[in-house]
There are 2 protein chains.
Amino acid sequence: MKRKSVTSRDVAKLAGVSQSAVSRSFSADAKVAEKTRKKVLEAARQLGYRPNSIARSLITRSSRTIAVVAYSLENPFYSVMLEKASRYFQQQGYHLQLFFAPSDNGFATVIDDIIRSQVEGVLMLAITMDSAQAEEVADFGIPFVVINRTVNFDGISQVGSDNYSGGYWAGHYLSSLGHRRIAYLAGLPDSSTDLQRQAGFLKGLADVGVDCYAMEVGNYCYADACHATRRLFANSTPPDALFCANDLMAIAAIDTLRHEFGLAVPDDVSVIGFDDIPMADWPSHSLTTLKQPVELMVLKATELLMAQINQIDINTEHIMLPVTPMLRNSTRRSARHPKENLEEVSDTHHSSVR
Amino acid sequence: MKRKSVTSRDVAKLAGVSQSAVSRSFSADAKVAEKTRKKVLEAARQLGYRPNSIARSLITRSSRTIAVVAYSLENPFYSVMLEKASRYFQQQGYHLQLFFAPSDNGFATVIDDIIRSQVEGVLMLAITMDSAQAEEVADFGIPFVVINRTVNFDGISQVGSDNYSGGYWAGHYLSSLGHRRIAYLAGLPDSSTDLQRQAGFLKGLADVGVDCYAMEVGNYCYADACHATRRLFANSTPPDALFCANDLMAIAAIDTLRHEFGLAVPDDVSVIGFDDIPMADWPSHSLTTLKQPVELMVLKATELLMAQINQIDINTEHIMLPVTPMLRNSTRRSARHPKENLEEVSDTHHSSVR
DNA sequence: TTGAAAGCGCTAACAT
DNA sequence: ATGTTAGCGCTTTCAA
């Protein structure tokens, strides 16, 4: 069944034209007589010819391909992002090559492969890289943007959101609710997002004279977060509030609290997440969280990439988008002045938006 | 910063060898003196040379790329699958190009693009195609496997699971629990999975003399399933059991039942899903469902693809994997003979496994 | 073991 | 508007 591949030469022969006429017939903006194109297209149809885009890429030096590097798709935040970015690129006539970074030193192993593939741009979803690696790729002159991870190097574009303010809001808000045993469920240690959210959170607490009551690591994943929650609440006087570095862990925490500890959320424990994944809004968890503007993040990142690819804007940018508190039912309502409290929240929100 | 691309010729010049020596130095199984390779590699390092894999593909006629076509990543079932398949291909030294099928006539729009890219195989995740389309691609001699969709054409490999038996089990089990107003929440109309699950379900009901009490369409997505549930339960004598064509919709149904209708699951309504996505096992829903063997499905599909690519096995196959009932807490326990009932379940399970 | 030469399928000058 | 020609960067005979 495997038929020998048919080339433009074969089509040319059948159509009785030159090979370049065939080439021209398949490019949108070519100067070719309508009659010729008709002939060519008909011959092509008969032979089942399709232009070989590899050959095309070789000569035009443009693969029209973007590499997307992800770490895991467990968190819907990233699968949503991937789908959105993918559709965007597709619509721009680009192909998308997907790479997964292995857990150990993820970046190094894929980067060589990516460079060889001659992709025109690279989009990294939450991949941690050090400045040496950043410099290496920047030096290759290939447009690069990293989403949701800060790298300490200017020559690379970054888009993320205001993790620090988000963390700050969480700490401040939880304490304003009257909680005093407020714990932190951390994400991936040393990831920039975790560092920033944690720092903001601690500061938000410190500014009202509260200490972080306990802290455990959940690595941004559901299973680890369940274990971390168990450790956090094994105590005889467990926390009465919990800020989780992402929604997936917050949901894990709520599930564990309710079903293993028999604790009520928010009555016994208030829980706040980060991201605002679709599930956060499902009534089963109704999670109070900090919304990252996914849509906007993808838009900014893809536009940035395209601008660099098309040489419209060579400069790298570091974009920080505002996060928005989404008040739902995993945090208790302020006991005394519910009205006043809402206003306060709203203020805090605006200041976090800047 | 954009440095001109360095070619093997440049490296050859610097290393004082021929261009073909450079080429050989970068291929694993080449006959080249260790000394020469050293020189070449050093020169390459100095210049920052990376072999251009597009040029390589052109001459070797192998792109080492697989296309994966998906419809949406909203359902974790598919994002999990994508990630697993992706890692597998990567580990085999293949690249993965990701395509999303637009909702309207998804297949036709991407297929031409895929063929032009000279991919060596195509993996379709739940993409519906008709036999004419199947024949067209099969005719191109490019290895093709479709997961979770049946196409009425032999020349294409398919791997799916036993949807009919799964549906049958659901109908049978629900009725065995004593339910008599059993409804069906359908997936994408005309998708083969929905057709098969529905047919099995209806038969399972019919075999014990029960009719399907009501039916609505949820299109395999959360939001639509919420609406469908509302329609289903707006009745004055609503259903007392619900079989949903996938887990995502089952979860939507449970959420809607509990939080909008104030109904208890499983006390007022038993719910069964299909897929066994990770969330199904979370205690918040603890969903009784039919497990599709994702891991195995991916393994079979990828192996099939690889076998065809490597010409080990040219034949196309239609693989149907067994589904496994996962008894959790979204279905009520049998009132009278819980022990006996479990055995019955276990029997049914085995028969569904075949 | 190495180098010279041919050419993968296409695009892009250039000439007609 | 069309054909001729020269490569894109590499792999792969074929001689040496």
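Note on naming: letters A, B, ... go to the chains in the order of the sequence lines (proteins, then strands), and numbering restarts at 1 for each one. What you see below is based on every heavy atom in this structure, not just the backbone, and it leaves out hydrogens, waters and symmetry mates. These figures come from a predicted structure and were not determined experimentally.
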Verify, without hydrogens or angle tests, whether A/Thr60 (side chain) and A/Arg56 (backbone) share a donor-acceptor contact under 3.5 angstrom. yes

Using whole Å, report how far NZ of B/Lys31 lies from P of C/dG3. 12 Å

Ranking B/Thr60 and B/Gly16 by the position along DNA chain C of their nearest nucleotide, the one closer to 5' is B/Gly16

Check for a donor-acceptor pair, side chain of B/Asp113 on one end and backbone N or O of B/Val110 on the other, with a separation under 3.5 Å. no

Whole Å only: how far is the NZ atom of A/Lys39 from the C1' atom of D/dA1? 12 Å

Is A/Arg24 salt-bridged to A/Glu34, cutoff N-O under 4.0 Å? no

Closest heavy-atom pair, A/Arg149 versus A/Ser192, reported as atoms and distance to 0.1 Å, is CA-OG, 3.3 Å

Rounding to 0.5 Å, atoms CG (A/Leu304) and CZ (A/Phe144) come to a distance of 13.5 Å

Between D/dT11 atom P and B/Asn52 atom CG, what is the distance in whole Å? 9 Å

With side chains defined as the heavy atoms from C-beta onward, is the minimum distance between A/Leu125 and A/Tyr71 less than 4.5 Å? no

B/Arg61, nearest nucleotide to its side chain (from C/dC8, D/dT11, D/dG9): C/dC8

Checking side-chain hydrogen bond (donor to acceptor under 3.5 Å, both in side chains) between B/Glu42 and each of B/Gln46, B/Lys38, B/Lys39, which is the one that passes? B/Gln46

Nucleotide C/dG3, atom P - distance to CZ of B/Arg37 in whole Å: 14 Å

Can you measure A/Ile59 atom CD1 to C/dA13 atom P for me and round it to whole angstrom units? 9 Å

Nearest listed nucleotide, side chain of A/Ala33, among C/dT2, C/dG9, D/dA1: D/dA1

Separation of C/dG9 P from B/Arg56 CZ (nearest whole Å): 16 Å

Give, ordered by number, those residues of residues 17-24 of chain B having at least one heavy-atom distance below 4.0 Å to an atom of DNA chain C; if nothing qualifies, reply none. B/Val17, B/Ser18, B/Ser20, B/Ala21, B/Arg24

Lys/Arg N to Asp/Glu carboxylate O, A/Glu120 vs A/Arg64, below 4.0 Å: no

Is the shortest side-chain N/O distance from B/Ser5 to OP1 or OP2 of D/dG9 below 4.0 Å? yes

Given that B/Ala55 and B/Thr36 both sit by DNA chain C, which one's nearest nucleotide is further toward the 5' end? B/Thr36

Check the distance between C/dT11's P and A/Phe26's CZ and give it to me in whole angstrom. 10 Å

Between the two ends of the helix from C/dT1-D/dA16 to C/dT16-D/dA1, what is the bend in degrees, rounded to 10 degrees, where each end axis spans five pairs? 30°

Is any side-chain N of the basic residue among A/Glu136 and B/Arg50 closer than 4.0 Å to the acidic one's carboxylate O? yes

Tell me: CD of A/Glu34 to C1' of D/dA1, nearest whole Å? 13 Å

